[in-house]
S.K.: 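Once you've had a glance at the structure underneath, I'll fire off some questions.
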Amino acid sequence: MSPLLALDRVERAFGGVRAVDGAGFAVAPGQVHGLIGPNGAGKTTVINLISGLLAPTAGSIQLGDRPIHGLPPWQVAALGVARTFQNIRLFPDLSARDNVLVGQHLRRTPSLAARMLMLPSARTEEREARERAEALLTRVGLSERVHEHARHLSYGEQRRVEIARALASAPRLLLLDEPTAGMNPVEVQAVAQLIRRVAAEGQSVLLVEHNVRLVMDVCDTITVLCFGKVIAEGAPRTVAEDPAVIAAYLGNPK
Amino acid sequence: MWDQLADLYATYQSTIAFIGINSLLALSVYTTLSCGQLALGNAGFSAIGAYAAALLTMQAHWPFPLAILAAVAVPAVVAVPLGLPVLRIRGIFLAIATIGFGEVVRLGLVNWDYVNGAQGIVAIPQKTELWMIYLAVAAALFVLARLRGSKWGFALEAIREDEPAARTMGIATTRYKLAMLVLGAALAGLAGGFEAHFTFMVAPNGFGFGRVVDMLVYAVVGGSQIYWGPVVGAAFLTLLPEILREVAPLVGIEPGPLRLLVNGLVLLAVILFLPNGMVSLPRRIAEWRAARVAARSAA
């Protein structure tokens with residue numbers, strides 16, 4: 001099967017530092033693809049490059065058969081890419097539900113005239129959008145917190161709202177940047193199940209994560225980054241036993 | 001009863017008109033604030049609207065409704081080429097660039113002999129009626145109220161809260177910011193067109209930096225988190241000098257200095273104690289009460 005996302009010799013330099021240095025990998029449709037590596041390996045930079053917040057200094061990023069490198073983030077999103085942020089970026093003064101409503105921006109096609117004239121069609125569209133938002137929040141286990149301001153939610157709850165907000169656009173590719181950071185083991189289990197279900201429905205997931213258990217459990221394929229370069233790739237078991245990976249995490253045995 | 005009301009109306013007609021005109025100007029600053037952009041070119045847009053309408057009624061003999069439409073349309077069109085480059089910058093830099101635009105407009109008018117330079121245009125026919133002003137205020141409030149809670153309203157709030165995150169949701173942020181700048185320019189131009197045909201005259205110095213600061217203060221004092229806040233601020237601060245004129249002899253201060261003093265104190269008090277403006281006063285009072293009750297039951 002042709003890949004949904006393909007990075008080819010992607011490079012991003014910040015001044016003299018090459019955060020991503022010729023990295024290339026491909027994400028297949030309906031797969032959970034792990035992206036791991038030691039701190040500073042360039043994982044978040046890769047997510048920022050794919051979602052369009054950064055442009056690569058060299059190389060190409062393809063979504064399906066379309067190059068997306070250099071496109072602004074809102075166009076990348078319109079092609080079916082949604083993401084969460086490592087350092088949670090919810091809209092703090094909006095409720096959990098309204099955050100998810102913003103996430104539906106691309107899916108909703110209401111008519112401005114209908115809204116201004118208070119037509120029933122506008123009201124129906126809005127009610128359906130609200131119901132979809134509440135259903136998504138229920139899916140991430142937050143049905144009780146729908147009307148809470150995002151700033152009043154716990155850390156783990158905020159991460160789950162971010163996942164719901166990203167899913168709200170019905171993306172083809174979901175980029176998760178450390179979705180379980182700061183979560184307790186029960187919450188982590190719930191997120192693992194959610195990721196598997198999302199993939200089972202045909203959406204691809206690119207998962208940046210430090211929780212090794214989670215990565216081993218949910219990923220179909222893993223790419224290991226180190227200093228901006230891909231040092232290993234394959235099924236979780238093979239990658240875990242790869243000497244280059246062990247060396248990158250633990251150092252070379254003397 | 002009716003005679004007294006008629007007297008009151010005759011005495012304060014001008015104040016009532018300016019409450020409406022200033023409300024439109026305050027709303028014109030609110031539109032960009034609603035998506036987190038501090039754009040301060042509105043005195044310039046207002047001047048363009050005022051001059052366009054005045055020239056059209058006086059020189060081209062257009063009927064007043066058409067001239068007012070031009071007062072809306074001309075600044076709105078000017079806002080597009082201004083907005084495309086300046087909306088790429090943000091925060092204080094956007095404010096400075098748009099203040100610069102306002103000054104360019106003002107200085108352009110000062111040096112334009114056809115419109116009498118610094119003296120401005122006089123003997124403009126008085127065509128503005130109070131109902132027109134308040135119809136416009138009501139229409140503007142209606143549009144802003146309908147935007148709130150809609151897909152577009154949420155997009156604006158998302159841009160205000162976290163612009164890069166909003167962009168990754170697929171929101172074309174520049175388009176939204178430009179739309180709000182254009183809407184603000186249209187409202188400011190409308191206010192200018194009304195004002196020109198209410199006060200008989202327009203002059204460049206009526207549209208200086210001080211004027212846009214007034215507009216911003218209306219929005220901040222009233223409250224810029226909700227669409228009707230700026231109207232509350234504009235009404236309060238436009239009425240204040242009238243009240244102070246009565247009070248001034250009692251406290252033995254000249255009305256002029258007293259007005260500046262009280263304006264400054266009001267602004268200071270709002271910024272310190274009511275960061276969300278006067279419209280948040282009822283909620284703040286409830287919070288203070290609740291805190292006092294809690295403190296008493298704790299003791």
Side-chain angles (χ1 to χ4, degrees), chain A residues 47-48 50-54 71-85 87-95 97-119 122-123 125-126 129-130 133 150-151 162 165-166 168-169 171 175, chain B residues 31 33-36 84 87-88 90 135-136 138-180 182-183 186 223-227 229 275-277 279-280 283 287:
Chain A
I47 298 281
N48 285 340
I50 298 168
S51 59
L53 285 180
L54 291 174
L71 289 184
W74 60 273
Q75 279 182 9
V76 175
L79 291 169
V81 179
R83 66 168 292 173
T84 66
F85 294 87
N87 51 338
I88 307 180
R89 293 183 83 159
L90 288 172
F91 306 115
D93 284 324
L94 296 186
S95 69
R97 186 188 71 188
D98 292 351
N99 267 279
V100 181
L101 276 170
V102 175
Q104 290 185 39
H105 186 83
L106 288 161
R107 270 179 81 178
R108 297 179 62 185
T109 51
S111 133
L112 184 58
R115 170 81 193 173
M116 286 296 157
L117 299 173
M118 301 194 274
L119 297 184
R123 221 168 302 150
E125 192 273 340
E126 283 150 26
R130 281 196 301 271
R151 66 163 74 249
E162 260 211 333
R165 183 178 69 175
S169 63
L175 310 171
Chain B
T31 57
L33 283 180
S34 74
C35 57
L84 283 175
L87 287 173
R88 289 172 182 277
R90 60 192 72 182
L135 183 67
L141 284 175
F142 180 79
V143 168
L144 293 171
R146 294 305 294 161
L147 272 183
R148 189 160 183 266
S150 73
K151 172 185 163 176
W152 307 278
F154 280 126
L156 294 170
E157 287 192 63
I159 296 168
R160 190 186 65 208
E161 300 229 330
D162 188 338
E163 192 174 337
R167 281 159 69 82
T168 65
M169 313 278 116
I171 297 167
T173 51
T174 306
R175 283 185 207 168
Y176 279 85
K177 292 192 289 184
L178 187 63
M180 285 298 114
V182 168
L183 183 59
S224 57
Q225 299 288 97
I226 182 87
Y227 59 92
N276 291 332
V279 299
S280 65
R283 205 181 58 218
E287 282 171 11

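Within every chain, numbering begins at 1; the chains are lettered A, B, ... in the order of the sequence lines, protein sequences first and strands thereafter.
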S.K.: Looking only at heavy atoms, what is the nearest atom pair of A:Ala77 and B:Thr168, with distance?
M.R.: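 Closest pair (atom of A:Ala77, atom of B:Thr168, distance): CB-O, 3.4 Å.
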S.K.: Between CH2 of A:Trp74 and CD1 of B:Ile171, what distance do you get to the nearest 0.5 Å?
M.R.: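 Reported to 0.5 Å precision, the distance equals 11.5 Å.
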S.K.: Look at the side chain of B:Lys151 and the backbone N and O of A:His105, then say whether any donor-acceptor pair between them is shorter than 3.5 Å.
M.R.: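 Yes.
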S.K.: Please flag which part of A:Leu112 lies under 4.5 Å from any non-hydrogen atom of chain B: side chain, backbone, both or neither.
M.R.: both
S.K.: Could you grab the distance from atom CE of A:Met116 to atom CZ of B:Phe142, nearest 0.5 Å is fine?
M.R.: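 One gets 7.5 Å once the value is rounded to the nearest 0.5 Å.
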S.K.: Which pair of non-hydrogen atoms, one from B:Ala158 and one from A:Val102, has the smallest distance, and what is that distance?
M.R.: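 Looks like CB-CG1, 3.7 Å.
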S.K.: Restricting to non-hydrogen atoms, name the atom on B:Arg167 and the atom on A:Pro72 that form the minimum distance, rounded to 0.1 Å.
M.R.: NH2-CB, 4.0 Å
S.K.: Which heavy-atom pair separates B:Glu157 from A:Leu94 by the least distance, and what is that distance?
M.R.: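 Heavy atoms only, the tightest pair is OE1-CD2, 3.0 Å.
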S.K.: Looking at A:Arg165, A:Glu126, A:Met118, which one has more heavy-atom pairs under 4.5 Å with chain B than the rest?
M.R.: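 Sorted descending by pairs with chain B, the first entry is A:Met118.
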S.K.: Among A:Gly103, A:Ala78, A:Pro92, which has the most heavy-atom pairs under 4.5 Å with chain B?
M.R.: A:Pro92
S.K.: CZ of A:Phe85 to CG of B:Asp162: how many Å apart, nearest 0.5 Å?
M.R.: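 If I round to the nearest 0.5 Å, the distance is 7.0 Å.
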S.K.: Got a donor-acceptor contact below 3.5 angstrom from the B:Glu161 side chain to the A:Asp93 backbone?
M.R.: yes
S.K.: Look at the side chain of A:Arg115 and the backbone N and O of B:Arg146, then say whether any donor-acceptor pair between them is shorter than 3.5 Å.
M.R.: yes
S.K.: Looking at A:Ser51, A:Pro110, A:Ala82, A:Ser169, which has the largest count of heavy-atom pairs under 4.5 Å with chain B?
M.R.: A:Pro110
S.K.: Rounded to the nearest 0.5 Å, how far does OG of B:Ser150 lie from CD of A:Glu125?
M.R.: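 Going from the CD atom of A:Glu125 to the OG atom of B:Ser150 covers 9.5 Å.
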S.K.: What option among B:Pro164, B:Ala165, B:Ala172 has the most heavy-atom pairs under 4.5 Å with chain A?
M.R.: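 Among B:Pro164, B:Ala165, B:Ala172, the one with the most close pairs to chain A is B:Ala172.
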S.K.: Using a 4.5 angstrom heavy-atom cutoff, name the option from A:Leu101, A:Val81, A:Asp98, A:Asn99 with the most pairs to chain B.
M.R.: A:Asp98
S.K.: For A:Arg107, does the CZ atom sit with more than 12 other heavy atoms under 6.0 Å from it, leaving out its own atoms?
M.R.: yes
